[in-house]
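Throughout, residue positions are numbered sequentially from 1 according to the sequence presented. Remember, it's 1-based here, ligands and their atoms both numbered in the order they're listed.
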Amino acid sequence: MNLSYWEIKSWLTNVDFTIVGSGIVGLNCAIQLKSKFPKANILVLERGILPQGASTKNAGFACFGSLSEIIEDLKSHTEEEVLELVNKRINGLTLLRKTLGDKTIDYKQFGGFELFAKTNNDLYENCLSNREYINKLLNPIFKEDVFVLKNNSFNFKGIKEQYVFNPFEGQIDTGKMMDSLLTLAVSKGVKILNNISIESFLEDNNSVKINTNRFNFSSTNLIIATNGFASKIISEDVKPARAQVLITKPIKNLHVKGTFHLEKGYYYFRNIDNRILFGGGRNLDFKGEETMTFGQTELIQNQLEHLLKTVILPQTPFEIDMKWSGIMGIGNQKKAIVKQISTRVFCGIRLGGMGVAIGSLIGKEMADLVL
Ligand SMILES: Cc1cc2nc3c(=O)[nH]c(=O)nc-3n(C[C@H](O)[C@H](O)[C@H](O)COP(=O)(O)OP(=O)(O)OC[C@H]3O[C@@H](n4cnc5c(N)ncnc54)[C@H](O)[C@@H]3O)c2cc1C
């Protein structure tokens, strides 16, 4: 199908910034660029009918790292690096809440809990003995203790009687966040085209020639925000990592409230609309889950259902309502990659499992990189 004169003139001519990917990062970058350059023509290309990566699939934890995760990170990062990671997550969450408003995204600060399996003494002891040290380390950011101990008031089974509670952790409604980000971007004059997949690009002195599955055109700048799919079009250290999730049907008098981390964060669950959303289990098959293909596996889904039945809701009848997956972008380092690849091409990728927290900031950092 040939595009019309009007279509080419109004959508694909004099494009100043083309952003690939309408996830949290791509949309925030577009919004920030529009504030910086109100007259610029900004085009977002998204291959899915809806954003089709992680931003509309995630668990909606507004978190910045559980105690065990921070202890683990200190094995491969310096204290300064870990502090910087936590600081970025906090600043990113502040920016997200400021951009959209707590009411819009249904931000609720119920706190976060880290649970420890009864059998996992080593992890539990290690966390208890490092708790004060980590609280001191984080003191410059929070000015008070982040990790305190609480009794198992939710009556989970098979876990240690005390869990680690973090009062600063919150949760959001992921769908509301993405819906309002899309609306905000469009209201500022950003153009978004769905069902368009970028296949390749070629930069010359004045522009970037962009080839998609539907048409080819030129843009003054190209910004890549495709996270776990980035290796399809650029060579950076980012691998796909699938994460599987399920949600129960509404449960009467559900007593569980908050965001919960289990087994170093490899499992996570929360309450939402009287349901339990539960995800994780990638550690059961790291290699198999290193994929860009959406889907569920028996191995992981069985384990999620088993933990739901035996640990999380041992005395409560429940039914599974839906199952889905999302694709994250991970690498050797937790730090996201925000960089200028060449004169006119930029990227902001590798958000790991923290994109709700840092996505807004990474979008802004990319906009600040340009010009
Ligand atoms: C199941 C799950 C649970 C999670 N839970 C949390 C959580 O609780 N808290 C948290 O902070 N983080 C969480 N995350 C991580 C978070 O969702 C991601 O870090 C974040 O959404 C990444 O945003 P992004 O914009 O970089 O990438 P994405 O949202 O993946 O956006 C990239 C977009 O690029 C598009 N795209 C890819 N290739 C092309 C192409 N060639 N042409 C056009 N478009 C293309 C994709 O369709 C996609 O929409 C979770 C992730 C998953 C999968």
Heavy-atom check, side chain of Ile159 versus side chain of Asn152, under 4.5 Å |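 A side-chain contact exists here, since the closest heavy-atom pair is under 4.5 Å.
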Is [X] near ligand 1, meaning one of its heavy atoms is under 4.0 Å from it?
X      : result
Tyr268 : yes
Glu46  : yes
Gly352 : yes
Gly279 : no
Ile362 : no

Considering only heavy atoms, does [X] approach ligand 1 within less than 4.0 Å through its side chain, its backbone, both, or neither?
X      : answer
Phe229 : side chain
Val25  : both
Val245 : side chain
Ala62  : neither
Leu45  : backbone

Is Lys334 salt-bridged to Glu69, going by a charged N under 4.0 Å from an acidic O?
->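 Looking at Lys334 and Glu69, the cut-off is met.
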So if I count the atoms of ligand 1 from 1 in the order they appear, which ones are less than 4.0 Å from some heavy atom of [X]?
X      : answer
Met328 : 51 (C), 52 (C), 53 (C)
Ile198 : 40 (C), 41 (N), 42 (N), 43 (C)
Val20  : 40 (C), 42 (N), 43 (C), 44 (N)
Ala357 : 11 (O)
Ile196 : 42 (N), 43 (C)
Gly326 : 53 (C)

Options [options], ranked by nearest heavy atom to [atom], top entry:
atom                    : options                      : result
atom 45 (C) of ligand 1 : Met177, Arg47, Arg282        : Arg47
atom 29 (O) of ligand 1 : Gly23, Ser55, Gly228, Gly280 : Ser55
atom 30 (O) of ligand 1 : Gly265, Pro51, Ala54         : Ala54

Atom NZ of Lys191 with >12 non-hydrogen neighbours under 6.0 angstrom |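 Yes, enclosed.
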For Glu132, look at atom CD and say whether over 12 heavy atoms of other residues, nucleotides or ligands are found less than 6.0 Å away.
->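 Counting neighbours around CD of Glu132, 12 or fewer heavy atoms of other residues, nucleotides or ligands fall under 6.0 Å, so no.
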Distance to 0.1 Å, residue and atom name: give those for the protein heavy atom nearest to [atom].
atom                    : result
atom 38 (N) of ligand 1 : Thr226 CG2, 3.5 Å
atom 50 (C) of ligand 1 : Asn58 CB, 3.2 Å
atom 27 (O) of ligand 1 : Asn227 CB, 3.3 Å
atom 8 (O) of ligand 1  : Phe61 N, 2.8 Å
atom 13 (C) of ligand 1 : Gly353 O, 3.4 Å

With ring centroids as reference points, do Tyr266 and Phe286 lie under 6.0 angstrom apart?
->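 Judged by ring-centre distance (under 6.0 Å), Tyr266 and Phe286 do meet the cut-off.
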For the rings on Phe17 and Phe346, is their centre-to-centre separation under 6.0 Å?
->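 That pair fails the under 6.0 Å test.
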For the residue pair Phe269 and Phe260, does the interplanar ring angle fall in the parallel (under 30°), tilted (30 to 60°) or perpendicular (over 60°) class?
->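 Ring orientation of Phe269 relative to Phe260: parallel.
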Return the orientation label for the Phe278 and Tyr267 ring planes: parallel under 30°, perpendicular over 60°, tilted otherwise.
->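 Aromatic pair Phe278/Tyr267 classed tilted.
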Is the side chain of Thr220 donor-acceptor paired with the backbone N or O of Val15 at a distance under 3.5 Å, no angle test?
->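 At least one qualifying donor-acceptor pair exists.
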Return yes if some donor-acceptor pair links the side-chain N/O of Arg242 with the main-chain N/O of Glu290 below 3.5 Å, else return no.
->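 Between the backbone of Glu290 and the side chain of Arg242 there is no qualifying donor-acceptor contact (under 3.5 Å).
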Between Asp321 and Thr248, do the side chains contain an N or O donor and an N or O acceptor separated by less than 3.5 Å?
->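 Checked: Asp321/Thr248 side chains show no N/O donor-acceptor pair below 3.5 Å.
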Checking side-chain contact (heavy atoms from CB on, under 4.5 Å) against Val44, which of Asn194, Leu193, Ile196, Ile192 comes through?
->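 Testing each of Asn194, Leu193, Ile196, Ile192 against Val44, the sole residue satisfying side-chain contact (heavy atoms from CB on, under 4.5 Å) is Ile192.
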Can Glu169 and His261 be said to form a side chain to side chain donor-acceptor pair (under 3.5 Å), step by step?
-> CA-CA 11 Å; Glu169 193 163 301; His261 310 253; 2.7 Å; yes
Quiz item: cation-pi between Lys150 and Tyr163, 6.0 Å / 45° =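 Output no; distance or angle outside limits.
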